[in-house]
Amino acid sequence: MVAGNAGQERNWGPARLAGMSTVRVGMLCHGVVGGARRCLGTWQTITKPHRPNDGSPPRAGSCRRPGSVGWSFSPHLFLLLAAQALSLAVAEMALLTMDPPWSVIFQGESITLRCQGPPVHKQQPTAWYHNGKLLEHTETNTYRIQNARYKQNGRYECQSPGSTSSNSVTLSVSYDLLILQVPSHAVFEGELLQMQCRGWKVGSLAAVRFYRDGADITKPYTSAMQLSIPQAKAHHSGRYHCSADMHSYLSLKRRESQGLYISIKELFTSPVLNVASSAEPLEGSPLNLSCITQLSPYRPHTVLWYLFYGNSTVLQGPVTSSEYQVPAVGLMDTGFYSCAVRTESSNVQKWSPRVPITIKRVPISGVSLEVWPQEGQVMEGHRLVLHCSVATGTGSISFSWHREGSAEVLGRDSRYEIPSTQQSDNGQYYCMASNGDSPARSLKVQVTVVGWHHVAVQWPGDGCRFRDGGSSTPYSPCWDLPASFQLLPPEPGNVLMAAAGRKAESELRAAGVSLHPSAAVSEHCCCWQRWGP
C-alpha cells in the first residue's frame with residue numbers, strides 16, 4: 001500500500017489521474033506560474049518543480065518570458081494536457097466491487113474492495129475515497145479492510161488509471177445479533193438478486209423467514225439461510241428484512257434484522273419508436289424508424305437487440321441495429337408500428353408504445369384539359385372531343401366533366417365526347433380529378449358551335465340558281481364544276497362554294513369541302529355559304 005494524504009478533498013480533474021494537480025489552461029502562456037497569477041492575458045495554475053535563475057526553486061507566482069531560464073509552458077505541453085482531458089471525457093467508468101459482496105458485515109470481519117478499470121500500459125496507483133475524501137493510493141487495484149469497526153461505515157469510491165470515478169458502494173458495520181446481508185453493488189434487471197440472513201454465531205439460526213415490504217416471501221425463493229431471485233425485475237424492489245429463531249442460552253428467541261431497501265436498477269429505458277419524417281408519409285416516399293432507448297452507463301458492454309413490428313408482424317429483427325427503413329411505402333403499409341428491445345439472453349425485454357402511421361396518396365395536381373377541334377370551335381353537327389389529364393397523383397384517379405352554370409355531371413371518364421354538336425352545346429367546360437382525397441379542377445375552356453346557312457348563289461352562266469336555304473323549291477340542274485374552280489379555306493367568315501353534279505361526294509371531301517349532314521349530293525347543283533361566329 002502507498003500512503004496517501006488522508007482527508008484530502010476529492011479532485012476529479014484530469015491532471016490527478018496523470019499524477020499531477022489540476023491545471024487550468026486558457027490562452028497559451030510561456031513561463032511557469034506557481035499558484036494562480038495573471039500571465040500574458042490568461043490565468044494558469046500549474047504545480048511542478050520550480051527552478052529559478054540561481055538554481056534554487058523560484059517562488060510561487062513568478063512568470064518568465066519566452067527564452068528565460070526556467071520552465072516553459074510550450075504548445076506541446078498544452079496539446080498533451082488537452083488530449084488527456086479529451087480522453088477522460090470518453091473514458092470508461094471504473095467498477096468498484098466488494099468481496100464478499102455484502103453491504104452489511106459484523107464488526108471485526110474483513111472485506112476486500114476491488115477497482116476494475118480499462119487496461120493500461122504502465123502501472124499507476126489506484127485512488128481510494130471514503131465519504132468523498134481521499135483515503136489513500138495503492139499500487140494494486142485492491143483495498144483491504146480488516147477487523148472492521150464503526151468508523152469504517154460509509155460510502156466508498158475508487159479511480160483506476162485511465163478511468164473516470166467508479167460507482168459508489170456503501171459499507172455498514174453492524175453490532176446487531178441478526179443481520180440481513182444484501183449485495184453491495186447495484187442489481188440490474190435480469191440479474192441475480194441474492195441475500196442471506198446471518199446470526200452472530202454460525203449455526204445459531206432456525207426457522208429463517210424473508211420479507212419484502214412486510215410480506216413473507218420465503219417461498220419459493222429460499223434455500224436454508226439464503227434467498228435467491230434468478231432474474232430480478234423492477235417489482236422486486238422494496239424493503240427487505242429477515243427473521244429467525246436464535247439460540248439464547250438454553251432457549252430459542254425470535255429475532256428480526258434491520259430492514260434494508262433494495263432498488264432493482266433499470267438496465268435500459270423503455271424504448272420509444274421515433275418516426276424520422278411525418279407520421280403521415282406520402283405514397284412512394286421512404287419511411288425511417290428508430291427505436292430509442294438508453295443503456296445504463298454502469299453496464300456499457302451489454303449488447304441490445306432490436307425488433308420492429310408493423311400491425312403485430314415482425315418486420316425486422318432481432319438485430320443489433322436500432323434503425324429500420326422502408327424505401328418506398330404504399331397504402332398497404334398503413335397501420336400501427338412498434339419496436340422491442342431485449343438482451344441477448346432475452347431475460348429483459350421491453351416494448352415501445354404503438355405509433356399509428358397513415359400513408360397518404362400523392363395529391364392530385366396539374367389537372368389540364370385538351371379540346372379537339374383546337375380552340376374549341378366546332379361546326380354544328382360535327383364531333384367535339386375533350387380530354388382530361390393530371391401531372392402528379394397516385395392511386396386510382398377518377399374524373400368528372402362539368403359545364404359552367406349546370407349542376408349536371410356530363411361524364412365520368414378521362415375523355416368526354418359529343419358526337420354531333422348543336423347550338424345548345426355552347427359553353428365553358430372543365431373537368432375534376434380525384435384520388436380519394438381533395439379533388440383538383442382544371443381550367444375552363446370555351447366551346448363554340450358554328451352553325452350552317454343555305455343561301456341563294458348565282459353561278460356564272462345561270463347554271464346554278466337557288467333561293468334561300470329554307471325554300472322548298474327543288475334544286476335546278478347545274479353545269480359541271482369548272483376545272484379552275486377553287487375552294488376557299490374552311491375558316492370562319494369565308495364563303496365556301498360546293499357543287500355536286502358529276503362530282504362524287506368523296507371527291508368533294510378530298511378537296512376540303514365540309515358538307516352539312518342535310519346536304520344531299522346528287523346530280524343537282526348544291527351551293528352553300530358558311531358563316532362564322
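Starting from 1, each residue takes its place in the sequence as its number.
Remark: R354 is positioned above the aromatic ring of F336, its terminal NZ or CZ atom under 6.0 angstrom from the ring centre and at most 45 degrees off the axis. In this structure, K350 is positioned above the aromatic face of F268, its NZ or CZ under 6.0 Å from the six-membered ring centre and within 45° of the axis.
Y324 and Q316 get closest at one heavy-atom pair: CD1-OE1, 3.3 Å. The two residues P286 and Q325 come nearest to each other via the heavy atoms CB-NE2, 4.4 Å. The two atoms that bring A328 and D333 nearest to each other are O-OD2, 4.3 Å, heavy atoms only.
Put simply, the side chain of S263 never gets that close to the backbone of S237: no donor and acceptor are under 3.5 Å apart. When atom types are taken as modelled, the side chain of Q349 and the backbone of S346 share no donor-acceptor pair closer than 3.5 angstrom. Remark: side-chain polar atoms of W401 are paired, donor with acceptor, to backbone N or O of D413 under 3.5 angstrom.
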Legend entry - Audit row: T448, Q377, side-chain hydrogen bond (donor to acceptor under 3.5 Å, both in side chains) steps and yes/no: CA-CA 5 Å; T448 302; Q377 294 183 354; 5.3 Å; no
Inset, instruction - Determine, step by step, whether S352 and S338 satisfy the side-chain hydrogen bond (donor to acceptor under 3.5 Å, both in side chains) criterion, reporting the C-alpha distance in whole Å, the side-chain angles of both residues, the deciding distance to 0.1 Å, and the verdict. - result: CA-CA 6 Å; S352 74; S338 62; 4.9 Å; no
Inset, instruction - Would you check, one step at a time, whether the test side-chain contact (heavy atoms from CB on, under 4.5 Å) holds for S103 with V169? - result: CA-CA 8 Å; S103 63; V169 294; over 6 Å; no
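Between H402 and Y430, the ring planes lie parallel to each other; the angle is under 30°, not in the 30° to 60° tilted range.
Using a 4.0 Å cut-off between a side-chain N of Lys or Arg and a carboxylate O of Asp or Glu, R441 and E404 qualify as a salt bridge. A salt bridge between E189 and R299 is absent, with no side-chain N of the basic residue lying under 4.0 Å from a carboxylate O of the acidic one. Note on E370 versus R415: no salt bridge recorded, every NZ/NE/NH1/NH2 to OD/OE distance being 4.0 Å or above.
Under the 3.5 Å distance criterion, with hydrogens and angles disregarded, no donor-acceptor pair is assigned to the side chains of T421 and D425. No side-chain donor-acceptor contact under 3.5 Å links S442 and S368. In summary, the side chains of S165 and Q159 do not present any donor paired with an acceptor at a separation below 3.5 Å, with no hydrogens or angles considered. No side-chain N or O of R239 forms a donor-acceptor pair with one of Y261 less than 3.5 Å apart. In this model, no donor atom of one side chain and acceptor atom of the other lie less than 3.5 Å apart for T313 and N311. For the 3.5 Å distance criterion, the side chains of T269 and Q294 fail to qualify, holding no donor opposite an acceptor.
Looking at residues two or more places apart in sequence or on another chain, you find no ring-ring contact (aromatic ring centres under 6.0 Å, His included) involving Y429.
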